[in-house]
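Remarks on the structure that follows.
Just so it is clear: chains get the letters A, B, ... in the order the sequence lines come, proteins before strands, and each one is counted from 1. Since we're looking at a predicted model, the values are computed, not measured.
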Amino acid sequence: MRAYLLARLGWAVPIVIAILIINFLIIHLVPGDPIQALVGDFPTPPGYAEQIRKEYGLDQPLLTQLWLYLVNLAGGNLGFSFANRQPVLPLILDRARFTLLLMLPALTCAAVLGVVLALAAAPRAGSLYDSSVTAISLIGFSVPIFWLGQILIIAFAIKLRWLPAQGMISLRETLTGWAAVADVLWHLVLPGFSVTIYYIAVVARVARASVLDALSQDFVLTAKAKGLSGRYVLWRHVLPNALIPVATVIGYNFGYSLTGAILVETVFAWPGIGNLFIASIGNRDYPVLQGIFLLTAVAVVLANVVTDMLYAVLDPRVRGSYGKNA
Amino acid sequence: MAVQPGNILEIDALSVTYRVRGKTVRAMNAASLTVRDGEAVGLVGESGSGKSTLARVSLGLIPRKIARIESGRILIAGRDATRFSETEWESLRGDPVAMVFQDPLTYLNPVMRVGPQIAESVRRHTPELPLDQRVEELLELVKLPSVVTRAYPHELSGGMRQRALLAVALGCRPRLLIADEPTTALDVTTQAEILALLKDLRRRLGMAMLLISHDLGIVASACERIYVMYAGHTIEWGGAGAVFQTPAHPYTVGLLRAAHAVRNAEGRFATIAGDPPNLAELPPGCPFVPRCSHALAECSRDMPERFDARSGDPHSVRCWLYEKPGLGFDRAGTG
Ligand SMILES: Nc1ncnc2c1ncn2[C@@H]1O[C@H](COP(=O)(O)OP(=O)(O)O)[C@@H](O)[C@H]1O
Ligand SMILES: [Mg+2]
């Protein structure tokens with residue numbers, strides 16, 4: 001087990017290093033003076049460009065520059081966003097919190113509901129219920145998320161006036177304590193629902209296939225031959241086996257959750273990473289874009305490591321292949 | 001409750017069909033078989049003859065969507081289970097009838113330790129017994145060390161897995177154990193060990209056994225009575241010695257000769273000439289006719305109910321050659 005985890009982590013390290021180097025090279029691949037990539041297109045105070053030139057050693061050899069870049073990164077210095085008047089790292093971490101606030105509950109709900117739907121549908125493959133689950137997940141999968149978002153806004157925010165359409169907090173009043181929390185949750189309903197619907201479809205499609213596959217495995221026959229009930233066999237024998245492929249899909253989507261919300265955040269003006277990303281493209285705020293790229297890449301690598309660990313938890317054969325003594 | 005001696009399993013002229021891509025595959029054709037309480041019965045036939053179908057249908061393990069019982073009856077401990085619902089079948093599975101399967105790796109849950117897999121049988125069928133102690137007992141019964149409880153199936157050898165699967169079945173306290181080719185996936189030495197274990201367990205636990213194999217020798221050594229199956233028909237049955245020493249049906253004769261030939265002339269596989277029939281297009285009459293060198297006119301018309309095989313023992317055969325006294329062929333093997 002330990003050997004397996006170390007091997008997986010061992011893989012993550014060179015990948016992260018590669019990401020850092022690519023990020024560094026991007027600065028130099030941007031047409032024109034690399035100073036522009038480090039400062040952005042926003043008007044800057046006089047002398048700032050000169051200061052950056054020195055900080056990153058832009059007049060020195062490339063390797064020295066790489067070294068200085070890494071030193072800056074290690075110190076948490078991802079540059080300064082003049083468009084937002086604050087350093088890049090706290091800015092994107094701040095916005096990442098809001099994105100995760102939207103995405104993590106939605107993905108978790110979707111993972112659970114998608115698997116439960118599949119568990120209910122697969123044993124009755126071909127039935128009306130199963131076909132409806134398949135049809136609904138096909139629709140959920142193919143409906144553009146911004147379209148769904150706008151329909152929801154029209155229905156629940158504009159026509160019915162039940163829920164807020166935009167933003168994360170009410171601007172008209174200043175709330176504190178639990179009232180503020182409730183206010184955020186209130187704003188979370190529509191964007192969260194749009195995201196959840198999509199990911200339920202994504203998870204249910206894969207989960208249904210893998211539950212069907214697990215149901216046809218020989219060990220299910222052994223379990224039934226013991227006299228165990230169909231429901232028990234489904235939860236205790238089929239589900240743990242079916243979860244192994246599903247974990248990949250869920251892990252993958254958690255990895256991309258930081259950028260997965262760009263469309264929803266735009267539609268609902270949710271102040272997360274996606275929104276910042278779009279705004280920064282408009283402002284040609286390169287330091288922020290690079291920061292987002294770096295953060296996303298690292299998140300994907302981390303999610304992969306976590307998924308691999310999940311594999312080891314779900315499937316003893318994976319653990320075994322890296323030595324039984326561990 | 002005292003167990004009344006009688007038939008624990010009775011398959012009565014059972015016909016089962018699979019629907020495969022619009023075609024009807026006749027896997028069982030009016031096949032009959034009886035297992036009495038405490039008796040060891042063997043079922044032999046080449047691959048595809050319907051042995052596994054018979055075993056599974058006897059436990060209601062083939063979903064209605066996949067296979068249909070066209071006619072005939074399944075009686076378990078005297079109860080007609082032919083039209084049982086899934087819930088009714090659940091009450092018969094494990095106890096009185098348990099089953100072990102051919103490939104012990106795929107038939108154990110790969111992500112569950114062996115101990116809990118055995119414990120499930122115990123909890124389901126004997127919840128009054130102390131669980132851990134009973135699991136230990138079962139492992140001892142199949143001669144596995146108790147560390148196996150914590151192992152995953154992939155960490156065990158083929159023989160150990162088959163023993164574990166056996167412990168799962170025995171944990172149900174069955175009156176009848178159906179063993180579907182329990183040694184086919186194992187190497188020769190392990191085969192012999194598992195077979196010896198099965199014989200020993202049956203004697204000690206006093207349970208009935210239906211041992212399924214494509215190897216007449218294996219079945220003859222472990223069973224009191226034998227059924228021979230061909231293309232979904234039970235074509236011959238009788239005492240193990242009678243069927244093995246004096247096979248009656250031309251197919252059984254050929255089966256035995258092929259087995260001996262493999263042993264004698266190394267390297268050259270002797271088989272029965274011709275191919276097994278296509279179960280989707282079975283002609284009327286005896287399905288062995290195209291491969292039979294003794295076929296009579298009536299053989300292509302229909303199949304006889306049964307004739308006495310005249311080997312001196314209770315021994316029946318479904319072959320027109322036995323209709324009249326004076327056999328038309330030499331059953332010892334040269335004809
Ligand atoms: N699930 C199934 N679907 C369709 N056909 C099947 C299925 N299982 C078995 N059969 C067919 O039924 C026949 C008998 O198979 P089986 O009972 O497995 O024979 P055996 O155990 O003697 O090898 C074969 O022709 C096989 O192809
Ligand atoms: Mg078989």
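Residue contact with chain B, scored on non-hydrogen atoms closer than 4.5 Å, involves the side chain of A/Ile244 exclusively. Residue B/Leu105: no heavy atom, backbone or side chain, is found under 4.5 Å from chain A.
In this structure, the separation between CE on B/Met112 and CZ on A/Phe219 is 10.5 Å, given to the nearest 0.5 Å. Between atom CG of residue A/Leu228 and atom NE2 of residue B/His125 there is a gap of 7.0 Å, rounded to the nearest 0.5 Å. Distance NZ/A/Lys224 to CG/B/Leu61: 7.5 Å, rounded to 0.5 Å. Note that NZ of A/Lys226 and OG of B/Ser121 are 4.5 Å apart. Values are rounded to the nearest 0.5 Å. Note: A/Arg317 CZ to B/His154 NE2 = 8.0 Å, rounded to the nearest 0.5 Å. Rounding to the nearest 0.5 Å places CD of B/Glu86 at 9.5 Å from OG of A/Ser229.
Other residues, nucleotides and ligands contribute at most 12 non-hydrogen atoms within 6.0 Å of the OH atom of A/Tyr256. Within 6.0 Å of OH in A/Tyr252 there are 12 or fewer heavy atoms belonging to other residues, nucleotides or ligands. Other residues, nucleotides and ligands contribute only 12 or fewer heavy atoms inside 6.0 Å of the CZ atom of A/Phe193. Around atom CZ of A/Arg236, no more than 12 heavy atoms belonging to other residues, nucleotides or ligands sit under 6.0 Å away.
Across B/Met99 and A/Ala225, no two heavy atoms sit closer than the pair CB-CB, 4.4 Å. Taking both residues in full, the closest heavy atoms of A/Asp218 and B/Thr106 are given as OD2-OG1, 2.7 Å, listed atom of the first, atom of the second, then distance.
Between chain A and the residues B/Pro116, B/Cys172, B/Pro110, B/Ala169, the largest count of heavy-atom pairs under 4.5 Å involves B/Pro110.
With contacts defined as side-chain heavy-atom distances shorter than 4.5 Å, the pair B/Val111/A/Leu314 does not qualify. Residues A/Leu221 and B/Arg56 have side chains in contact (heavy-atom distance under 4.5 Å, counting atoms from C-beta outward).
One N or O on the side chain of A/Thr222 and one on the backbone of B/Tyr107 form a donor-acceptor pair closer than 3.5 Å.
With no hydrogens or angles considered, no side-chain donor-acceptor pair links B/Gln117 and A/His237 at under 3.5 Å.
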